[in-house]
Amino acid sequence: MKSRLWWKEAVVYQIYPRSFYDSNSDGEGDLPGITAKLEYVKALGVDAIWLSPFYTSPNKDGGYDVANPRDVDPRFGNLTDAKILISRAHELGLRVLADIVPNHFSDQHVWFQEALKAEPNSPARNRFHFYDARPDGTPPNNWISLFGGPAWTQTLDGQYYLHLFDSSQPDLNWESSEVNDDFEKTLRFWLDLGVDGFRIDVAHGLVKENILENHPDPQGLSNALRLDVDMDSEVRNNLLATVPFFDRQGVHEIYRRWRKLFDSYGDRDVMAVAEAWVHPPVNATRYVRADELHQVFNFDLLTAPFDGAFLFEVIDRSIELNATVGALPTWALSNHDSPRVASRIGELESRALALFVFALPGSAYVYAGQELGLPDGELHDNDRQDPSFFRSKGEIKGRDGARVPLPWTGESSPFGFSAGDPWLPMSKSWKVFTVENENSDPESVLNLYRNALALRSQHLVNTGDLIWLESAVHGAKNANLLSFRRGSITVAMNLSSQVQEIDLSGKVLVQSYGKIEIANGKLHLPALSSIWCLS
Ligand code: NOJ
């Protein structure tokens, strides 16, 4: 495969295995289904795939509750299927990232089952966070789970164990050498099977501090950590500065050790990207210091409004902060945990933003279905499966809307995804979003992504920094125009709902939407659209 540091400006396509393509008609996607569609993925123009977890799991949290991290859950196939998938991806020139979940196991993991049967303070319990109840019988502290409800569950003998997520996801104790050794074994297991790197789940959460102390405002903190709760940004930031279970210094020691392990694979160029929701933003750069991980997700664009000044600020900040440690940023508009970008900011806006973002320096992550302009699925409460929906007693609707299976062909559900009933219902209106339908439409989001990604690799990858031309910041002459130059490409995005006349010359390479006209030396950029020009 080609040159070193393949990941620096890679486009990575995230696949949620359960929702991608079902090869055995049970209504759920699987590994052979992914293998069957790898040519489609390759033709998008991406460099790598990231597979959300497919390990043995009771699937209480979409597979992020791992019962055996070194095997494949039967719902997705088996280890041979994983090997076939990896080798087919490699034949096509696609790298493969596995999703590693080091903050917690499933309660069905053999260690946790052992811990439940073991004595308080035993080595088996020491792999997790087991503590006695307080004298009044309440949990050891007042932390709230990220999925709602207490972060502690009591066992039959009265001790409590910690779970930042669902009660079926006991947190691991990273002070235990057995935990450290076991994860190194898991990393090697998948690397030896052929994967090219990892996405690290809750990378900022492994080390906890002050575990026997109450937080002064657990409910405030819990709201501050939720993307769906609006809050004054100063209040939120102040609360986020007090999280006792995220972004502790100790996590970096773990990644320094992992980096040595990755580097021991030499010219395989193993890489890892951290899922680290940290505050303030500068803290994210610690994860990508030269002796730690290779990338850290930047989640700003998952929640950003379609607003010029806001977008300028978060994009510029991310580029600058990463540069302080010699890293490049990452960009993501959607993932399996957040509303799909087309639903969140609108159809035209999401096309414009994707085209704009693909031209930025760094690595772009595309969540499967995003390339079809797919909106969130319309679900009834009785369809929902996300543990956050159940733990919050319905107050948090959860993330299922972004996890509805992909529509491939045909006029009605399940749109070629499966020959069975899809595990989440697919709406009738999705016939316009099928791959089949979009293939034949030159104006489709699918064809926009294919064109843009081909042009990106031809004209933009490895062309270095950008120079802002229009920044929409306070005092800028136009608050609804963002533009920059990178290499020989000029990129502009019109954020207003009116056509804008702009001074832009050169050959139009790609536009996100509408008809570009040039009159009196001015380029007429359609409302809510972006453009790349070559000069
Ligand atoms: C982040 C994952 O992306 C999400 O889906 C999961 O629920 C939590 N981590 C817990 O593993």
Side-chain angles (χ1 to χ4, degrees), residues 7 48 50-57 63-73 79 82-83 86 95-115 123-129 162 164-165 169-208 245-276 286-297:
W7 43 268
W50 145 30
L51 301 170
S52 282
F54 50 80
Y55 320 113
T56 317
S57 164
Y64 285 93
D65 47 324
V66 180
N68 180 354
R70 297 187 285 274
D71 204 351
V72 173
D73 194 275
L79 275 173
K83 276 192 210 155
I86 295 165
R95 312 269 179 161
V96 180
L97 304 183
D99 204 325
I100 194 103
V101 189
N103 181 66
H104 44 265
F105 275 157
S106 156
D107 61 358
Q108 299 307 306
H109 189 287
V110 57
W111 277 6
F112 193 73
Q113 291 300 313
E114 247 172 74
R125 287 212 169 171
N126 188 44
R127 296 166 177 149
F128 300 91
H129 295 283
L162 175 71
L164 291 185
F165 296 90
Q169 293 166 293
D171 278 45
L172 285 157
N173 173 12
W174 276 84
E175 284 179 19
S176 150
S177 60
E178 279 185 275
V179 170
N180 281 270
D181 293 349
D182 192 69
F183 269 85
E184 296 205 358
K185 194 168 161 190
T186 299
L187 294 171
R188 287 187 192 285
F189 178 86
W190 291 106
L191 289 170
D192 295 343
L193 210 88
V195 305
D196 303 284
F198 300 97
R199 177 258 190 193
I200 303 173
D201 189 66
V202 200
H204 54 317
L206 278 44
V207 174
K208 279 85 183 171
F245 42 77
F246 282 156
D247 202 27
R248 305 295 91 195
Q249 286 304 313
V251 297
H252 297 288
E253 291 312 315
I254 298 168
Y255 299 129
R256 290 197 175 100
R257 289 197 294 275
W258 285 17
R259 178 59 181 258
K260 290 197 179 109
L261 187 157
F262 299 149
D263 287 350
S264 74
Y265 283 76
D267 60 12
R268 289 262 305 268
D269 291 329
V270 172
M271 72 80 77
V273 54
E275 186 214 21
R286 296 184 189 153
Y287 293 76
V288 284
R289 287 177 289 202
D291 58 348
E292 295 195 37
L293 303 173
H294 306 77
Q295 293 181 343
V296 58
F297 281 126

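The closest side-chain heavy-atom distance from P102 to W174 is below 4.5 Å. You'll find the side chain of L51 stays beyond 4.5 Å of the side chain of D99, heavy atoms only. In this structure, R127 and E114 have side chains that are in contact, with non-hydrogen atoms separated by less than 4.5 Å.
A donor-acceptor pair under 3.5 Å is absent between the side-chain atoms of D73 and the main chain of F54, judged by distance alone. When atom types are taken as modelled, the side chain of E275 and the backbone of A203 share no donor-acceptor pair closer than 3.5 angstrom. R188 places no side-chain N or O within donor-acceptor distance of the main-chain N or O of K185, the cut-off being under 3.5 Å. Put simply, the side chain of Y287 never gets that close to the backbone of F297: no donor and acceptor are under 3.5 Å apart. Side chain of Q113 to backbone of D107: a donor-acceptor contact under 3.5 angstrom is found. Using a distance-only test at 3.5 Å, with no hydrogens or angles considered, a donor-acceptor pair links the side chain of R268 to the main chain of V195. Using modelled atom types, no side-chain atom of W258 and backbone atom of L293 make a donor-acceptor pair closer than 3.5 Å. Judged by distance alone, the side chain of D65 and the main-chain N or O of G63 form a donor-acceptor pair under 3.5 Å.
Screening H104, H129, K208 for a side-chain contact (heavy atoms from CB on, under 4.5 Å) involving L164 leaves a single residue, K208. Screening L191, L97, L187 for a side-chain contact (heavy atoms from CB on, under 4.5 Å) with V270, the sole residue that qualifies is L191. Between V251 and the choices V202, V207, N103, I200, the side-chain contact (heavy atoms from CB on, under 4.5 Å) rule is met once, by V207. Paired with E253 under the rule side chain to side chain donor-acceptor pair (under 3.5 Å), one option of R257, R256, Q249 passes, and it is R256.
Listed by chain and number, the residues in a salt bridge (Lys or Arg N to Asp or Glu O under 4.0 Å) with E175 amount to none (sequence neighbours excluded). Checked against ring pair (Phe, Tyr, Trp, His ring centres under 6.0 Å), H109 has the following partners two or more places apart in sequence or in another chain: F105, W111.
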*Are D291 and R289 close enough, and set up right, to give a salt bridge (Lys or Arg N to Asp or Glu O under 4.0 Å), and what steps lead you there?*
CA-CA 6 Å; D291 58 348; R289 287 177 289 202; 5.2 Å; no
*Begin with the C-alpha distance, continue with both residues' side-chain angles, and end with the deciding distance and a verdict on salt bridge (Lys or Arg N to Asp or Glu O under 4.0 Å) for D263 and R259.*
CA-CA 6 Å; D263 287 350; R259 178 59 181 258; 3.1 Å; yes
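Closest non-hydrogen pair, R286 versus D247, comes out as NH1-OD2, 4.3 Å. Looking at every heavy atom in both residues, F128 comes nearest to P170 through CD2-CB, 3.8 Å. Here the shortest heavy-atom pairing between I100 and Y55 reads N-OH, 4.4 Å.
Atom CG of L172 and atom CG of D182 lie 8.5 Å apart (nearest 0.5 Å). For the atom pair F183 CZ and E178 CD, the distance stands at 13.0 Å (nearest 0.5 Å).
You'll find the ring centres of F262 and W7 outside the 6.0 Å limit. Residues W190 and Y265 place their aromatic rings such that the two centres sit no closer than 6.0 Å.
For N173 and N126, the side-chain atoms include at least one donor-acceptor pair closer than 3.5 Å. No side-chain donor-acceptor contact under 3.5 Å links S57 and Y64.
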